[in-house]
Amino acid sequence: MTGVAERYDSATPEADIAKDLVRRSVWIAPALIAGGAIGWGLHGALSAAVGVGIVVGNFLFSAALLTWGARISVAFVLGMAMFGYVLRLGIITVVVLLIKDLAWVELIPLGFTLIITHLGLLLWETQYVSASLAFPGLKPTPDLDTTSKE
Amino acid sequence: MLSVLAQQFDISGADYIAGQEALFAGLAYGLSALGPAIGIGYLVGQSVQAMARQPEAAGMVRTTMFLGVAFAEALALIGFVVFILLKFA
């Protein structure tokens, strides 16, 4: 049966992308933390690190919700996307409002890190995804490997 | 509206400005969250339709949908950052 009640158990593209984003954030984070440290000292570095953590956590949570929704039904993905958006935005707001008064939190590096990390990681990942979607041959698959061995 | 309230309750200039800051910071965040919400709803709705019509392309659709949702969400994050910088920095 095909339709909106279809389940997608096998593939988890959101989780794959989120894991890829986490891997790429390891490269971006030191630069942002260094930028925070140069501009605002130790507090700036800590705030930048928190910003990177929030963005990475947001991606992972978003992917987890969408993957979970797709396992139930494709129609549930819509609910998870909308509910997840409100939930994640709420969590980010609450986290930032809770930590904003702490002595080591600098709001300017935290805010800029949130935006730069989110957009930077997405643009980087989009380049990779665009290339592999447009030219599927660039991405090695287990089938191709088997064929080449034969 | 704020100026009428300020006159009625004899609010001083500093309080009036603080009230305006809070109002417009909240408005900025609210409006910036509204746009992506509409965009994400449309994007995911179209993606669900695509997956229902062509289940074999679901992997590709979900990949681009996830990235699209994240890009739309960036606008809300920008609004949120403007909010915290206007209100608290």
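Here is how names work: the chains are called A, B, and so on, in the same order as the sequence lines, proteins then strands, and each is numbered from 1.
Of the atoms belonging to T64(B), it is side-chain heavy atoms, and not backbone ones, that fall under 4.5 Å from chain A. When heavy atoms are compared at a cutoff of 4.5 Å, L85(B) approaches chain A solely by way of its side chain, counted from C-beta outward. For V81(B), the part sitting under 4.5 Å from any heavy atom of chain A is the side chain, from C-beta outward, and nothing else.
Atom-to-atom distance recorded for L119(A):CG and E73(B):CD is 11.0 Å, nearest 0.5 angstrom. To the nearest 0.5 Å, atoms CG (L89(A)) and OG (S32(B)) are separated by 8.0 Å. Atom-to-atom distance recorded for I115(A):CD1 and L77(B):CG is 7.5 Å, nearest 0.5 angstrom.
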Practice item. List the steps, then state whether side chain to side chain contact (heavy atoms under 4.5 Å, CB included) holds for V77(A) with M65(B). Key: CA-CA 11 Å; V77(A) 172; M65(B) 181 190 79; 3.6 Å; yes
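Each ring pair (Phe, Tyr, Trp, His ring centres under 6.0 Å) pair with one or both residues in residues 29-56 of chain B, not counting sequence neighbours, appears once here: Y29(B)-F80(B), Y29(B)-F83(B).
A continuous path of hydrophobic side-chain contacts links L122(A) to Y128(A) [ILVMFWY only; heavy atoms under 4.5 Å]. Under a hydrophobic clustering in which Ile, Leu, Val, Met, Phe, Trp and Tyr are joined whenever their side-chain heavy atoms come within less than 4.5 Å, directly or via other members, L75(B) and L27(B) fall into different clusters. Residues L23(B) and L34(B) are members of separate hydrophobic clusters, defined by side-chain heavy-atom contacts under 4.5 angstrom among Ile, Leu, Val, Met, Phe, Trp and Tyr.
No donor-acceptor pair under 3.5 Å is formed between the side chain of H118(A) and the backbone N or O of F71(B). Remark: side-chain polar atoms of Y85(A) are paired, donor with acceptor, to backbone N or O of A33(B) under 3.5 angstrom.
Annotation: residues 44-61 of chain A contacts chain B through N58(A), F59(A) [non-hydrogen atoms, separation under 4.5 Å]. When the heavy atoms of residues 24-40 of chain A are compared with those of chain B, none of the residues falls under 4.5 Å. Residues from residues 90-112 of chain A that place a non-hydrogen atom less than 4.5 Å from a non-hydrogen atom of chain B comprise I92(A), T93(A), V96(A), L97(A), K100(A), L107(A), I108(A), G111(A), F112(A), given in numerical order.
Between G45(B) and L78(A), the closest heavy-atom pair is N-CD1, 3.8 Å. Across S62(A) and F66(B), no two heavy atoms sit closer than the pair OG-CE1, 3.4 Å. In terms of heavy atoms, G59(B) sits closest to P13(A) at O-CG, 3.8 Å. When every heavy atom of R62(B) is checked against every heavy atom of T67(A), the shortest pair comes out as NH2-CA, 4.3 Å.
Contact of the V44(B) side chain with the M82(A) side chain is not registered, since no non-hydrogen atoms from C-beta on lie closer than 4.5 Å.
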